[in-house]
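Numbers here simply count residues along the sequence, with the first being 1.
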Amino acid sequence: MVICKKFNELTLEELYEILKLRSEVFVVEQKCIYNDIDGKDLTSSHIMIKENGKIKAYLRALQPGVSYEDASLGRVLVSPDARGKGYAKVIVVKGVEYILNNFNTTKITIGAQEYLKNFYSEIGFKPISEVYDEDGIPHLDMTFEK
């Protein structure tokens, strides 16, 4: 089940689970020390796939001007125990649809991990930058235009 919520609509349990998953995936699994609590969650829309009451995939949708001049998707993840089920594509497509339907824009820019370039390209994102280092992980900016 795909759920979309503003920050103030999240339950405390959902917020805790989101932050726990983000820490597990981005800090522990990817060995990336960075400040995940960056203040952007407060104005983001939080999109998640739940299965049996647990979050299995997640991303946040950001209004234009928060991370980029354009709207953006960020903190895209699939829980380690739910990988290989196609959730990544489902959550990103839902994130794109959500932005196009709710943010009065037709353009989305993301900072994608380089190894996911082909994945995002299949959804319609196009590279717009060279590869750069962000917190020790190769990234590139990509844009989707409707």
> Should the pair D41-K6 be classified as a salt bridge under the 4.0 Å nitrogen-to-oxygen rule?
Replying inline: no

> CG/D70 to OG1/T106 distance, rounded to the nearest 0.5 angstrom?
Replying inline: 8.5 Å

> Under 6.0 Å between the ring centres of F103 and Y98?
Replying inline: yes

>> If you apply the rule side-chain contact (heavy atoms from CB on, under 4.5 Å), what do you find for M48 with K56, and how did you get there?
In response: CA-CA 7 Å; M48 59 199 114; K56 298 300 179 180; over 6 Å; no

> Are the side chains of P80 and V25 in touch, meaning some heavy atoms are under 4.5 Å apart?
Replying inline: yes

> If Ile, Leu, Val, Met, Phe, Trp and Tyr residues are connected whenever their side-chain heavy atoms lie under 4.5 Å apart, and connections chain through other members, are I18 and M1 in the same group?
Replying inline: yes

> Between the side chains of Q113 and Q30, does any donor sit under 3.5 Å from an acceptor?
Replying inline: yes

> To the nearest 0.5 Å, how far apart are NE2 in H46 and SG in C4?
Replying inline: 11.0 Å

>> Which heavy atom of I110 sits nearest to which heavy atom of S72, and what is that distance?
In response: CA-OG, 4.1 Å

> What distance separates N102 CG from E97 CD, expressed to the nearest 0.5 Å?
Replying inline: 11.0 Å

> Do you know the tightest heavy-atom contact between Y87 and A57?
Replying inline: CB-CB, 3.9 Å

>> Are the side chains of T43 and F7 in contact, using a 4.5 Å heavy-atom criterion?
In response: no

>> Atom CG of residue position L42 - does it have more than 12 heavy atoms of other residues, nucleotides or ligands inside 6.0 Å?
In response: yes

> Mind checking whether I91 and I123 sit in one hydrophobic cluster, side chains of I, L, V, M, F, W, Y counted as touching below 4.5 Å?
Replying inline: yes

> Are E130 and K117 within salt-bridge range, i.e. N to O under 4.0 Å?
Replying inline: no

> Take atom OH in Y132; do more than 12 heavy atoms of anything else shown fall under 6.0 Å from it?
Replying inline: yes

> With no hydrogens and no angle check, is any side-chain donor or acceptor of D133 less than 3.5 Å from a backbone partner on G136?
Replying inline: yes

> Out of curiosity, does V92 fall in the hydrophobic cluster containing I108 (side-chain heavy atoms, cut-off under 4.5 Å, transitive links)?
Replying inline: yes

> For I55, which of I49, V78, L21 qualifies under side chain to side chain contact (heavy atoms under 4.5 Å, CB included)?
Replying inline: L21

>> Distance check, rounded to the nearest 0.5 Å: K126 atom NZ versus Y120 atom OH?
In response: 16.0 Å

> If only atom types and distance count, is the side chain of S23 paired as donor or acceptor with the main-chain N or O of L19 below 3.5 Å?
Replying inline: no

> Which residue, D141, L73, T109, L116, forms the side chain to side chain contact (heavy atoms under 4.5 Å, CB included) with F125?
Replying inline: L73

>> Quick one about T143 and K107 (side-chain donor to acceptor, distance below 3.5 Å, no hydrogens or angles considered), yes or no?
In response: no

>> Rounded to the nearest 0.5 Å, what separates atom CE in M142 from atom OG in S121?
In response: 3.5 Å

> Closest approach of L59 and A61, non-hydrogen atoms and distance?
Replying inline: CD1-N, 4.1 Å

>> Salt bridge or not between E51 and K85? Use side-chain N to carboxylate O under 4.0 Å.
In response: yes

>> Do I137 and Y34 land in one hydrophobic cluster if side-chain heavy atoms of ILVMFWY residues count as linked below 4.5 Å?
In response: no

>> Looking at N52, I'd like to know if its CG atom is crowded, meaning that more than 12 non-hydrogen atoms belonging to other residues, nucleotides or ligands lie closer than 6.0 Å.
In response: no

>> How long is the straight-line distance from CD of E9 back to CD1 of I3, given to the nearest 0.5 Å?
In response: 11.5 Å

> Should the heavy atoms of other residues, nucleotides or ligands under 6.0 Å from CG of N104 be counted, would the total exceed 12?
Replying inline: no

>> Show, in sequence, the C-alpha distance, side-chain angles and deciding distance for D135 and I33, and conclude whether the side-chain contact (heavy atoms from CB on, under 4.5 Å) test is met.
In response: CA-CA 7 Å; D135 300 317; I33 299 170; over 6 Å; no

>> Is there a side-chain contact (heavy atoms from CB on, under 4.5 Å) between E17 and E13? Walk through the geometry before answering.
In response: CA-CA 6 Å; E17 191 175 356; E13 290 79 12; over 6 Å; no

> Stepwise, does the side-chain contact (heavy atoms from CB on, under 4.5 Å) test hold for K40 with L62?
Replying inline: CA-CA 8 Å; K40 296 178 183 179; L62 301 101; 3.8 Å; yes

> Can you tell which of R22, R75, E14 makes a side chain to side chain donor-acceptor pair (under 3.5 Å) with Y58?
Replying inline: R22

> Linking I/L/V/M/F/W/Y whenever any side-chain heavy atoms sit under 4.5 Å apart, do L15 and F26 land together?
Replying inline: yes

